[in-house]
Trainee: 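This is the structure I have questions about; it appears just below.
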Amino acid sequence: MGRAGRSPRHSTTHASMFSYPVTRRYPFRWITPVVIIGFVVATILFTFLNFVSTGYTLVNEESWNPNATVSSGVWMNHWPSFLVSKVEPSCEPINVQVGSEFFTNQTALRYTLTDVWQTSQGGAGAGNGVASSLTYFSNLIENCSVNSVEIDYAAMDRSASQFAYSEWGAVVRTYATCTILGSGGLTNFNITQEYDYVPSDISFSTLYTFLGTNFLSRNRTDKSSLWWGESLMSMYWTHSTYQMQTIRENQTTNDAPGIRKGTLYFYPNDDRTITNMTDPDFFECDYRFIIDKSQGAFDVVFPGTYGEYRSQTRLSTLVQQASYPNIWTEADALAKAAYSTVMTDLGQTSAKSNLLTDPASLSFFTTNFTEATRNIANAYPGPADRPYGTEDSGPLGTTPSVIKTKYLCQVPQRKPAGSLFVSILVADLVFLQALWFVFIYVVDMFFLRRHPERNHCEGCVVDARMRNLGPDTLPLTKEDAEVEMGGLRPRSSESRSRSVSRSRLMAQSMDMGNRDFYRP
Ligand SMILES: *[C@@H]1O[C@H](CO)[C@@H](O)[C@H](O)[C@H]1NC(C)=O
Ligand SMILES: *[C@@H]1O[C@H](CO)[C@@H](O)[C@H](O)[C@H]1NC(C)=O
Ligand SMILES: *[C@@H]1O[C@H](CO)[C@@H](O)[C@H](O)[C@H]1NC(C)=O
Ligand SMILES: *[C@@H]1O[C@H](CO)[C@@H](O)[C@H](O)[C@H]1NC(C)=O
Ligand SMILES: *[C@@H]1O[C@H](CO)[C@@H](O)[C@H](O)[C@H]1NC(C)=O
Ligand SMILES: *[C@@H]1O[C@H](CO)[C@@H](O)[C@H](O)[C@H]1NC(C)=O
Ligand SMILES: *[C@@H]1O[C@H](CO)[C@@H](O)[C@H](O)[C@H]1NC(C)=O
Ligand SMILES: *[C@@H]1O[C@H](CO)[C@@H](O)[C@H](O)[C@H]1NC(C)=O
């Protein structure tokens, strides 16, 4: 219609390639509050959801306590997993290789892992289920039993610096079997603990002092049992090696061949009813002592030397007979100290026999401390050198243990405030826009489609009315008045007068003969 540029008024008749929507106020009272409240609620909700699902990134972190690290994300369990599954904290289990060393969270002794096997798969005997490493995830060490304690005494075969500390030395090895209940079921493992109060790598600088070797940490009040365990082990180590030295000196004085080295093998008595550690028959003891007769000749002292083999492994018999070399009481006490320290360090709270958790037994084994400290060489025991009860220390006892190691964990970390703001803002805008689109669509669908005239522009409505009824039939109905006023109910007189003036304007335009313009 109409040629462009005829006059400013007629330029409206040109139809461009592009179009604009004609807007009209919604004719519903409820829409303003619904939109405002909906906007606020949706913004809060979307902000929250976006914060949970995108506000965090996973970062690597090392953790000593993976269970605590994993459960620190427990608040996320209340959220649907599709939102938070990517930001849940997690930790990797570790593999303790056979042959490697570890220590427990009591941080006392070090252990070497020697065997790993799973009973459910037949175990070591069947040749199945033997593993090269222990898959470990902070599992409690359970059901430990000490299989044996072995003490190797040696003199001239040790290094000169060890010899300076003590002419005789001893290596105490404790063999134990424990169990963990992991994700793959029960796993058993054998461990060996090796204790040498004067180890081969000892520095000369600590001569005539408490050496503090083998134990990673000590605390008189907090870990009293282990503190006494260390004292007992070092005391009976220094005392029994000195005893060997005295025995050898006596032999040399009497021109008799002396012992060069010896081993004692303590194992739990077959009679399992003996659980009191003060009982000398708690352990049985097999032994070999090698007597150096010079020029390559040697004798061996073993249980058969003194009589019937079985009876000569009874410690009460050996102590009573004072069999050569008479170190039975001291070596037995050293073995019991090692047994109890290992059980305490492994956190075996329900162990039947443990002299470190029983004050009466601990008193029994420390009564001779004052006497023993006078019979030592140049390596001084410690940290306690007086009997239990005369030294300040905390309460006896132990707590369950886990292998102490660091785990690699992935933990959620909040994004920096700036980038968090931008990412949530962008996500919120997208969500809100989508919601607005849906809302408009629904309103259109259910409230406007049924009344086609509501999709007409304001002017068309009036125009249509006028053409149907003529300007004289004004005023408009009440509903139309509302439509025009965008849902705000005007005072009826004002509404009427406005409508009237508007229709008068229209009528004038029509009079000017510009009918094309109003054609629908
Ligand atoms: C070792 O860890 C276990 C398990 O987490 C805990 O119960 C025990 O108190 C810890 N012991 C020490 C000495 O920290
Ligand atoms: C673990 O140690 C015990 C006692 O020393 C031994 O009988 C057992 O054979 C060992 N287990 C394996 C798998 O070697
Ligand atoms: C840590 O969690 C693992 C796996 O859930 C479990 O087997 C282990 O017993 C837990 N450790 C402690 C000390 O609670
Ligand atoms: C430890 O021994 C007890 C009693 O024999 C048993 O109930 C428990 O399951 C054992 N635990 C493990 C981890 O083997
Ligand atoms: C022993 O442990 C307690 C409690 O953890 C601590 O306050 C104290 O300083 C520790 N003592 C030593 C000598 O480390
Ligand atoms: C010293 O050696 C002699 C002869 O071998 C022996 O009779 C005596 O009991 C020994 N004394 C000590 C204290 O061992
Ligand atoms: C072990 O025996 C000694 C002496 O017979 C006794 O005083 C002590 O109470 C006993 N200990 C336990 C744990 O039964
Ligand atoms: C303490 O010394 C006495 C006397 O020498 C001895 O009979 C007893 O066996 C010793 N006790 C220990 C635990 O060594």
Side-chain angles (χ1 to χ4, degrees), residues 63-72 74 89-94 98-99 104-105 112-119 121-132 134-142 144-150 173-193 232 235-236 239-240 243 265-268 277-280 282 315-316 318-320 322 326-337 347 355 360-375 387-388 399-405 407 409:
S63 165
W64 287 108
N65 190 345
N67 290 26
T69 303
V70 168
S71 62
S72 70
V74 142
S90 63
C91 295
E92 297 282 318
I94 53 147
V98 167
T104 72
N105 65 343
T112 305
L113 185 68
T114 55
D115 304 289
V116 178
W117 73 99
Q118 280 192 306
T119 22
Q121 293 179 25
N128 299 321
V130 180
S132 61
L134 178 67
T135 305
Y136 190 75
F137 191 81
S138 194
N139 313 98
L140 291 182
I141 302 173
E142 289 181 77
C144 289
S145 57
V146 169
N147 305 311
S148 62
V149 181
E150 300 181 23
R173 291 193 190 88
T174 309
Y175 300 88
T177 304
C178 297
T179 307
I180 56 162
L181 179 56
S183 53
L186 291 178
T187 307
N188 301 337
F189 56 98
N190 279 354
I191 50 178
T192 307
Q193 203 291 310
L232 279 166
M235 181 66 80
Y236 282 105
H239 188 45
S240 69
Q243 197 85 1
Y265 165 57
F266 294 90
Y267 53 99
M277 282 212 138
T278 61
D279 192 323
F282 177 78
L315 276 157
S316 52
L318 293 165
V319 170
Q320 198 189 348
N326 190 8
I327 53 153
W328 309 109
T329 311
E330 292 77 12
D332 180 48
L334 176 55
K336 283 171 176 167
L355 68 88
S361 306
L362 185 53
S363 298
F364 178 88
F365 283 99
T366 54
T367 40
N368 291 354
F369 261 29
T370 318
E371 175 66 17
T373 43
R374 282 190 216 114
N375 291 295
Y388 177 69
T399 55
S401 294
V402 294
I403 294 177
K404 188 161 172 115
T405 182
Y407 298 80
C409 295

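Every number for a ligand or one of its atoms is a count from 1 in the order of the listing.
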Trainee: Can you name the closest pair of heavy atoms from Leu140 and Ile180 and give their distance?
Mentor: O-CG2, 3.6 Å
Trainee: I need the atoms of ligand 8 closer than 4.0 Å to a non-hydrogen atom of Thr329, numbered in the order shown.
Mentor: 9 (O), 14 (O)
Trainee: Considering only heavy atoms of Asn139, which atoms of ligand 3 have at least one such atom less than 4.0 Å away?
Mentor: 6 (C), 7 (O), 8 (C)
Trainee: Which heavy atom in Val402 sits nearest to a heavy atom in Ser138, and how many Å separate them?
Mentor: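 So the two residues come closest at CG1-O, 3.8 Å.
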Trainee: Does ligand 2 have an atom that lies less than 4.0 angstrom from a heavy atom of Trp117?
Mentor: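 Within the 4.0 Å threshold, so yes.
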Trainee: Between Asn139 and Gly182, which heavy-atom pair has the shortest distance, and what is it?
Mentor: ND2-CA, 3.8 Å
Trainee: Heavy-atom contacts with Asn147 under 4.0 Å: which atoms of ligand 2 show up? List them by number with element.
Mentor: 2 (O), 3 (C), 4 (C), 5 (O)
Trainee: So, for Phe137 and Tyr407, is the gap between ring centers shorter than 6.0 Å?
Mentor: yes
Trainee: For ligand 3, which atoms sit closer than 4.0 Å to a heavy atom of Asn67?
Mentor: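 Selected atoms, number and element: 1 (C), 2 (O), 3 (C), 8 (C), 10 (C), 11 (N), 12 (C), 14 (O).
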Trainee: What's the shortest distance from atom 4 (C) of ligand 3 to any protein heavy atom, and which residue and atom give it?
Mentor: Phe137 CD2, 3.9 Å
Trainee: Between Leu318 and Trp328, what is the shortest heavy-atom contact and its length?
Mentor: O-CD1, 3.7 Å
Trainee: Any heavy atom of Thr367 closer to ligand 8 than 4.0 angstrom?
Mentor: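 Outside the 4.0 Å threshold, so no.
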Trainee: So, for Tyr136 and Ile403, which heavy atoms are closest and what is the spacing to 0.1 Å?
Mentor: OH-N, 2.9 Å
Trainee: Measuring from atom 2 (O) of ligand 2, which candidate in Asn190, Ile191, Val98 has the nearest non-hydrogen atom?
Mentor: Asn190
Trainee: Please name the pair of heavy atoms, one in His239 and one in Asn375, separated by the smallest distance, quoted to 0.1 Å.
Mentor: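 Nearest heavy atoms, His239 then Asn375: ND1-O, 3.3 Å.
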Trainee: For Asn147 and Thr177, test the side chains for any donor-to-acceptor distance below 3.5 angstrom and give the result as yes or no.
Mentor: yes
Trainee: Can Tyr236 be said to touch ligand 8, with heavy atoms closer than 4.0 Å?
Mentor: yes
Trainee: Check ligand 3 against Ser138 and write out every atom of the ligand that is under 4.0 Å from a heavy-atom position of the residue.
Mentor: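 In order of numbering, the contacting atoms are 1 (C), 8 (C), 10 (C), 11 (N), 12 (C), 13 (C).
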Trainee: Protein heavy-atom contact under 4.0 Å for atom 7 (O) of ligand 3?
Mentor: yes
